[in-house]
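Some notes on the structure that comes next.
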Amino acid sequence: MTQDFGAPGQSNPPRGLGRLLSNRQDSGSRGYVVYVASALIFGVFAVTLYDDGFLSASNLLNIGRQAAPIAVMAVGMAFALAAAEIDLSVGSIAALSSLVAAEAVGGYGFLAGALAAVAVGAGIGLVNGLITVKVRIPSFLVTLGMLGIVSGIARNMNNLQSLPIRNDTFSAVFGAGSLGPVSSLLIWIVVVGLIGHLALHQLRWGRHVLSVGADRSASEAVGINVDRIRIAALVTSAAAAAFAGVLLAGRLAIGRHDLGENLLLTVIAAVVIGGTNLFGGRASVVGAIMGSVIMAMLNNGLILMGLRVADQLIARGAIIILAVALSMREQRER
């Protein structure tokens with residue numbers, strides 16, 4: 001007897017997609033955790049750091065601006081993790097793309113600068129995906145090696161010198177501008193989040209990404225091109241990282257070889273805290289964005305508390321360990 005997943009008269013979805021539906025239902029209850037954690041952290045900082053200006057409009061806006069590049073990278077990383085892959089090169093891609101954008105803006109305009117940077121990132125993601133799939137090397141190792149390669153290219157690109165961006169339109173659209181009282185960076189969070197959420201949950205491609213992450217064998221059995229999905233997930237992650245580099249360049253009006261390189265741990269923590277499974281099959285774009293806000297709040301609060309950079313790194317590392325432990329525990333329970 002077959003299990004009926006659909007309405008009368010409709011054919012049953014393949015077993016792989018049936019598992020996908022189950023995974024998506026399992027993520028529903030956990031999705032509220034990130035909102036509760038966000039509210040608790042905000043409340044604690046609001047009380048303890050009230051005299052330090054945590055609740056000031058300028059500081060809250062600063063938190064949103066800090067969260068923007070993290071959120072964009074986290075959305076891309078969510079797709080990679082959903083397909084049971086991982087991209088460790090996102091920080092170096094963001095740095096290189098900021099330099100590419102700064103170089104292209106001067107000669108071809110603000111839009112060409114942004115498109116060139118994203119194209120370079122997507123190309124790196126394609127290389128990551130092809131090596132992972134065709135050579136059969138785990139994406140963890142491939143992207144770890146690519147991290148070093150891209151970082152070296154970024155350092156050689158302008159001899160460790162920053163590239164200034166003197167295009168006011170680029171800075172206004174991709175970082176320093178605003179639409180009324182709303183920062184352009186916050187607008188980009190909404191745009192990227194909406195696109196990512198619709199792609200993951202409304203498009204067939206997004207459902208295939210989740211299915212491949214949940215069970216590659218079952219996905220192949222129902223006719224999904226698993227290799228193509230895995231490559232596309234890594235391209236998505238790299239392209240999102242490149243766009244995050246554009247936002248960083250727009251906010252600071254420079255391209256720099258180390259811009260965003262230290263965001264990898266923060267991005268992974270944000271994605272996992274937001275409910276994406278490290279082992280594939282489940283992801284939340286909205287959760288990844290909320291996780292990014294949490295990480296930005298933590299960074300901001302720890303700075304206002306006067307903690308050193310070393311202490312902030314310790315705190316972020318502890319958060320990642322806790323998030324991974326919870327993810328592994330949930331995986332064993334399922």
Side-chain angles (χ1 to χ4, degrees), residues 16 19-20 23 72-97 117-154 196 199-200 203-245 260-261 263-265 267-272 276-283 285 288 320 324 327-328 331:
R19 178 174 296 188
L20 163 61
N23 285 341
V72 171
M73 295 170 77
V75 169
M77 182 69 77
F79 281 89
L81 292 178
E85 306 293 344
I86 191 168
D87 188 355
L88 301 182
S89 63
V90 290
S92 59
I93 290 174
L96 178 62
S97 69
V118 173
V120 168
I124 296 172
L126 179 60
V127 173
N128 285 337
L130 289 174
I131 295 175
T132 298
V133 169
K134 301 302 181 182
V135 188
R136 298 188 178 182
I137 301 175
S139 57
F140 176 89
L141 297 177
V142 173
T143 57
L144 180 62
M146 188 60 70
L147 183 156
I149 294 172
V150 175
S151 180
I153 294 173
L200 187 65
L203 298 183
R204 183 174 62 177
W205 175 74
R207 295 193 293 271
H208 286 180
V209 169
L210 293 169
S211 180
V212 168
D215 193 326
R216 288 180 187 172
S217 298
S219 299
E220 288 178 347
V222 299
I224 295 175
N225 191 325
V226 171
D227 288 350
R228 184 178 299 173
I229 293 297
R230 294 169 63 195
I231 292 172
L234 289 170
V235 170
T236 301
S237 177
F243 187 64
E261 275 192 342
L263 292 180
L264 174 61
L265 293 180
V267 170
I268 293 177
V271 177
V272 177
T276 296
N277 188 1
L278 273 173
F279 307 99
R282 188 187 69 245
V285 169
I320 292 175
V324 171
S327 181
M328 292 184 68
Q331 178 80 0

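Numbers for residues simply follow the sequence, beginning at 1.
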For a quick test of reading the model, state the closest non-hydrogen atom pair linking [X] to [Y] and the distance between them.
X: Ser151; Y: Ser92; result: N-CB, 3.9 Å
X: Leu234; Y: Ala80; result: CD2-CB, 4.4 Å
X: Asp87; Y: Ala238; result: OD2-N, 3.8 Å
X: Ala78; Y: Ala283; result: O-CB, 3.8 Å

Is a side-chain N or O of Ser97 found less than 3.5 angstrom from the main chain of Ala117, in a donor-acceptor match?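 Looks like no, no N/O pair under 3.5 Å.
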Would you say the side-chain atoms of Ser211 pair up with the backbone N or O of Ser219, donor to acceptor, closer than 3.5 Å?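 Side chain of Ser211 to backbone of Ser219: no pair is present.
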Do [X] and [Y] have side chains that get closer than 4.5 Å, going by heavy atoms?
X: Leu81; Y: Asn277; value: no
X: Val90; Y: Leu263; value: no
X: Trp205; Y: Thr236; value: yes
X: Ile124; Y: Leu96; value: yes

Rounded to the nearest 0.5 Å, what separation is found between the [atom1] atom of [X] and the [atom2] atom of [Y]?
X: Ile131; Y: Ile231; atom1: CD1; atom2: CD1; answer: 11.0 Å
X: Ile268; Y: Met77; atom1: CD1; atom2: CE; answer: 5.0 Å
X: Met73; Y: Leu264; atom1: CE; atom2: CG; answer: 7.0 Å
X: Phe243; Y: Ile93; atom1: CZ; atom2: CD1; answer: 15.0 Å
X: Leu200; Y: Leu210; atom1: CG; atom2: CG; answer: 4.5 Å
X: Asp215; Y: Glu220; atom1: CG; atom2: CD; answer: 9.5 Å

Do the side-chain N and O atoms of Ser139 and Thr132 include a donor-acceptor pair separated by under 3.5 angstrom?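 There is no such pair (donor and acceptor under 3.5 Å, judged by atom type) between the side chains of Ser139 and Thr132.
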State whether Glu85 and Arg216 are salt-bridged, where the test is any N-O pair (Lys NZ or Arg NE/NH1/NH2 against Asp/Glu carboxylate O) under 4.0 Å.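 Yes, Glu85 and Arg216 are salt-bridged.
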